[in-house]
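These notes are about the structure you will find just below.
Side chains included, hydrogens not; waters and symmetry mates left out as well; all remaining heavy atoms used. Numbered from 1 within each chain, the chains take letters A, B, ... in sequence-line order.
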Protein chains: 2
Amino acid sequence: MFTLAEENYLKNIYHLQTENSEGVSTNLIAESLQTKPSSVTDMVKKLAAKKVLLHKPYKGVSLTEKGRKVASNIIRKHRLWEVFLVEKLNFHWDEVHEIAEQLEHIQSDELIKRMDAFLDFPDFDPHGDPIPDENGNIKVTEKKLLSELKKNQRGVIVGVKESGSDFLQFLDKRKINIGTKIKVLGKEFFDGSMIIQVRNEQFFISKKIAKNLFIQISEHV
Amino acid sequence: MFTLAEENYLKNIYHLQTENSEGVSTNLIAESLQTKPSSVTDMVKKLAAKKVLLHKPYKGVSLTEKGRKVASNIIRKHRLWEVFLVEKLNFHWDEVHEIAEQLEHIQSDELIKRMDAFLDFPDFDPHGDPIPDENGNIKVTEKKLLSELKKNQRGVIVGVKESGSDFLQFLDKRKINIGTKIKVLGKEFFDGSMIIQVRNEQFFISKKIAKNLFIQISEHV
DNA sequence: AAAATATTTTAGTTTAGTCTAAAAAAATAA
DNA sequence: TTATTTTTTTAGACTAAACTAAAATATTTT
Ligand SMILES: [Mn+2]
Ligand SMILES: [Mn+2]
Ligand SMILES: [Mn+2]
Ligand SMILES: [Mn+2]
């Protein structure tokens, strides 16, 4: 139905569309896919012909309902495979993304259905990202970036924004992971850095780190 | 290192080489890969340039040591994935081949190492085919085609030759699978058909079926 | 040994997906 | 409102992997 290249375009456009609320431009897609704008124009035409996205020349693109379905299914597969790699094969959460990039293109609805059951129908992947259901619906959870919290607010880490190896290993070194409870002890207005409490320890956290951690705020102290 | 197409050529040539003891011809490869001889010639040149096979124009091809390694590793992955699909995801043995055809191309040594351990280091796939080790070595077992057995010989089914759905479902219908013990009650010289005993039942088996079942003969009655 | 047949290779196209360079359109600045 | 800059598209070329048709080589038959 869709080639490997087409699937990767759709997946990336889906992500770009949810991150940047405005239209998705040719240059943005090119950057995201590490390719040239002229290549994007060609592929976008092909995908528009396949009715998975709308292309207004010189304006951006937007996925059709069909396109959203295809894209979210690839993301569903990616995240289920990541859960499998971590939960069943004991991979570390910073090692699974590249392998999942390959596995997400395996074509078999039955395989995914069985994998989902085998993993006990997980809602989130190892990085805290929600796993779309078969219809592309995503469970939305209330979460904020750590950088948005105020002094004395508490919460639990529910996800990471960028899940590159460097960042994940930074967290590991401090035994911070999904599920870890934190409290903001202090916040510096000058550079956005924070002091947070984790268990009995206090950590200095730069703004860059604080902008990469998703927190679910604990309302009742 | 190798493209999808290259991997499929190498795998097929490996199989052809072990089945037909003579050299592997262009037409044979073309038939096996469902492609045209001219396409084979092109690809064979490319693979020869990559030092994974030797090509004597107008004579056949043969894999180099490097080519054998690459090919057997793909077969290793294919068979490990088949074990996974049957043992862990409860797929039926006639449903796994097509999915394994895709999964065999996933590139990650670590993944295969962990999958092997997860499956408890299996020696055979669900169809009784041996799983090559990391170095391409295959455990050779003494086995004969059922068609080669004589009257009154006993044995246990250890594999199937062609593992198409039709044949596997034929076996299922009769509750015959790998591990099933059989005894040859009679053999018809005219058409090669047999009567075999399975548990308390007797089955009439055509020559075609008998040539598709691998048996390990039980020496001591 | 020559003729006929079968196999294999070469030559020239095709398609998907990419690229560079140039043209066109849109956005921004003067 | 022109001029300049940025973004996007078009035009033309390239590679991998396939194809068809024709040429070359090998095999088999007469
Ligand atoms: Mn990922
Ligand atoms: Mn993830
Ligand atoms: Mn198989
Ligand atoms: Mn098999």
### Task
Send over the distance from B:L33 CG to D:dC19 C1', rounded to a whole Å.
15 Å
### Message
When you measure from the side-chain N and O atoms of B:T41 to the phosphate of C:dT9, is any distance below 4.0 Å, counting only OP1 and OP2?
### Response
yes
### Query
Within 45° of the six-membered ring axis of B:F214 and under 6.0 Å from that ring's centre, is NZ or CZ of B:K161 located there?
no
### Message
Applying a 4.0 Å non-hydrogen cut-off, can you work out what B:P57 is touching in the nucleic acid: base, sugar-phosphate, or nothing?
### Response
sugar-phosphate
### Message
How many whole angstroms separate atom NZ of A:K36 from atom P of D:dT8?
### Response
15 Å
### Query
Taking NZ, NE, NH1 and NH2 as the nitrogens, is one of them in B:R76 or B:E104 under 4.0 Å from a carboxylate oxygen of the other?
no
### Task
Tell me whether the OP1 or OP2 atom of C:dT9 has a side-chain N or O from B:K56 closer than 4.0 Å.
no
### B:L47 CG to D:dA16 P, straight-line distance once rounded to whole Å
12 Å
#### Entry: Distance test, side-chain N/O of B:H55 to OP1/OP2 of C:dT8, below 4.0 Å
no
### Task
Could you list by number each residue of residues 1-19 of chain B showing a heavy-atom separation from DNA chain D of less than 4.0 Å, or answer none if no residue does?
B:T3, B:A5, B:Y9
### Query
Using 4.0 Å as the upper bound for N to carboxylate O, is an ion pair formed by B:R79 and B:E82?
no
### Query
Can a salt bridge be assigned to the pair B:K11 and B:E101 using a cut-off of 4.0 Å between side-chain N and carboxylate O?
yes
### Message
Tell me whether B:K88 forms a cation-pi arrangement with A:F118, defined as NZ or CZ under 6.0 Å from the six-membered ring centre and within 45 degrees of its axis.
### Response
no
### Query
What nucleotide among D:dT9, C:dT9, D:dA18 has an atom nearest to a side-chain atom of B:Y58?
C:dT9
### Message
So, does B:T35 get its side chain near the phosphate of D:dA18, meaning an N or O under 4.0 Å from OP1 or OP2?
### Response
no
### Rounded distance (Å) that lies between atom C1' of C:dT10 and atom CG of B:D42
9 Å
### Any A:N27 side-chain nitrogen or oxygen under 4.0 Å from OP1 or OP2 of D:dT6
no
#### Entry: A:D191 atom CG, over 12 foreign heavy atoms within 6.0 Å
yes
### Message
Check whether A:S165 reaches the backbone of A:D94 with its side chain - one donor and one acceptor, N or O, closer than 3.5 Å.
### Response
yes
### Query
So, is A:K45 close to the D:dT10 phosphate, meaning a side-chain N or O under 4.0 Å from OP1 or OP2?
yes
### Query
What is the nucleic acid contact for B:S38, judged by heavy atoms within less than 4.0 Å: base, sugar-phosphate only, or nothing?
base
### Atom pair distance, as rounded to whole Å: NZ in B:K59 and C1' in D:dT27
9 Å
